[in-house]
There are 2 protein chains.
Amino acid sequence: MARSKVTPEQILREAARLFATKGFHGTSTREIADAVGVRQPSLFHHFATKHDIARTLYEYDYARSPGLQGVRELPDGAPPSVEFYHSVRREILVEMTSAYDLRGLYLSALIDEPEFRQWRMAYDAAMARSRAVIEKGVADGEFVATRVEVVIEMLDATINQAVRWSGDQRDRSMPDDVAVVALRMVLARPSRIPSIRRQADRLLDAAGTPWPEALAALDD
Amino acid sequence: MARSKVTPEQILREAARLFATKGFHGTSTREIADAVGVRQPSLFHHFATKHDIARTLYEYDYARSPGLQGVRELPDGAPPSVEFYHSVRREILVEMTSAYDLRGLYLSALIDEPEFRQWRMAYDAAMARSRAVIEKGVADGEFVATRVEVVIEMLDATINQAVRWSGDQRDRSMPDDVAVVALRMVLARPSRIPSIRRQADRLLDAAGTPWPEALAALDD
DNA sequence: GGGCTTGCCTATCGATCGATAGACTTCGCT
DNA sequence: AGCGAAGTCTATCGATCGATAGGCAAGCCC
């Protein structure tokens, strides 16, 4: 009987997929093993514990996400509308180009475990930064007075589900389209959206990181 | 040693709370029992199985939700904008007035189990009705051409998280405020929002179900 | 070919799980 | 007070879980 072979990459992919649909606690290591085609104890040659699989996925997401790291891609003086618009499209792009379906990672059943405290904090900090941008927009008059917690909740959900829009044919306009929907929630004058987008693009060009080049990742 | 006593109501409340934070599969029956102050086997005198607890919660939600039942509260001729606005605020109100924290129910790990197929279908049908309203709004020109699946995703998330806004002081303006945020995503002319709201209110008055009376449930 | 390393397998472990059995307690009714 | 019902308790069950142990196979290098 020929022995199966498995790579850590395959385990991560299948585990993430199962975590996304059945939750971490609803997914057994036997199910993961079956999905990759080996026997359950084999997983423990590649990952010390089941939680280690999740931790590796968190690390992966963090490493790719400017939002989670708190890295700004636009200069300090960018208006809240431009900042908000770009941060949404950026995070949508990150999740659409993820090698793994990470929808299971940001459910409270998992991320609230003590072991994952640092990822919880990073996530909360990212949401707080978004909140601050919206609040500045409201204060500046670019955005309408609004229920910021509702907007944040909607953002949270959308980014976490973005992987669903990464089919075989990845639509290059999706990140920007989602950012438009998000911006419409708060923007006092929706007619400004095209110019906000152009401004975001120009600032990225000036920073040497043109947006169309970032979008090229969707072709991979 | 005095014996503890427990009601099914208490079990449902604590179970729902635990399901919301730890997930159904991440919550043991021992945890539920501890939370209500009895020993684990006692739960099985009130509910035949752990899944029965979840089923009871689904039934409760369904019974209270016009959206899930597909019950229209506005007449057929109501414009998509009015229909959309009202359905959002209605479902927010339902979840804000829920006796249980139902956030754990609509996670795929649970609702996708074969046993809960009918609730999955009811939920999907409700989302499809929302989609149809948005699509009609786009076709009529009331709404901008938009990524409908993104709007639906955001709606989904918001309604499911609405229980978080039911603190000790329930804000009677919250359902309408959330509906405004949702409507802004799609409405071609946001300046029409006040009149859309008035129209929704008038139609409900004419139907004998004034909105302020529905909102009174928040005072309970 | 032989030796070593890696990792896949079967077997097993201790722990936890949802649920059952039956003794016992409490409450309500007569 | 006595009886019956309801439901809480302790004890236990069979099943499943994440993880460990050690044999074995395959691949690589000399």
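Values in this document were obtained by computation on a predicted structure and should not be read as measured data. Every chain is numbered from 1 and lettered A, B, ... according to where its sequence line falls, protein lines coming before strand lines.
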On DNA chain C, compare the nucleotides closest to Lys5(B) and His51(B); which residue's is nearer the 5' end?
His51(B)
Determine yes or no for a side-chain-to-main-chain donor-acceptor pair under 3.5 angstrom, with [X] supplying the side chain and [Y] the backbone.
X: Thr158(A); Y: Met154(A); result: yes
X: Ser28(A); Y: Glu31(A); result: yes
X: Glu91(A); Y: Ser65(A); result: no

So for the helix from dG1(C)-dC30(D) to dT30(C)-dA1(D), with five pairs setting each end axis, what is the inter-axis angle to 10°?
10°
Any residue meeting side-chain contact (heavy atoms from CB on, under 4.5 Å) with Pro80(B), in chain and number order, not counting sequence neighbours
Val133(B), Lys136(B), Asp140(B), Glu142(B), Phe143(B)
Check the surroundings of atom CZ in Arg117(B): do more than 12 heavy atoms from other residues, nucleotides or ligands lie under 6.0 Å from it?
no
How about NZ on Lys22(B), more than 12 heavy atoms from neighbouring residues, nucleotides or ligands closer than 6.0 Å, or not?
no
Members of residues 104-112 of chain A that approach DNA chain D, where some heavy atom sits under 4.0 Å away
none
Looking at His51(B) versus Phe116(B), is the centre-to-centre ring distance below 6.0 Å?
yes
Straight-line distance of Arg103(A) CZ to Ser108(B) OG, nearest 0.5 Å:
6.5 Å
Can you check side chain to side chain donor-acceptor pair (under 3.5 Å) on Tyr123(B) and Asp156(B), steps first, answer last?
CA-CA 10 Å; Tyr123(B) 193 75; Asp156(B) 177 7; 2.5 Å; yes
Atom CD of Glu113(A) and atom C1' of dG18(D): how far apart are they, to the nearest Å?
13 Å
Between dT16(D) (P) and Lys50(A) (NZ): distance, integer Å:
15 Å
Within residues 27-48 of chain A: residues closer than 4.0 Å to DNA chain C (heavy atoms)
Val38(A), Arg39(A), Pro41(A), Ser42(A), His45(A), His46(A)
Considering only heavy atoms, which members of residues 16-25 of chain B lie under 4.0 Å from some atom of DNA chain C?
none
Asp205(B)/Trp211(B) under side chain to side chain donor-acceptor pair (under 3.5 Å): CA gap, chis, key distance, verdict:
CA-CA 7 Å; Asp205(B) 284 345; Trp211(B) 184 238; over 6 Å; no
Taking side-chain hydrogen bond (donor to acceptor under 3.5 Å, both in side chains) as the definition, give me every residue that meets it alongside Thr56(B), ordered by chain and number, with sequence neighbours left out.
none
Between the side chains of Arg64(B) and Thr97(B), is a donor N or O closer than 3.5 angstrom to an acceptor N or O?
yes
Could you go through the side-chain contact (heavy atoms from CB on, under 4.5 Å) check for Met174(A) and Val150(B) one step at a time?
CA-CA 10 Å; Met174(A) 197 63 164; Val150(B) 174; 3.9 Å; yes
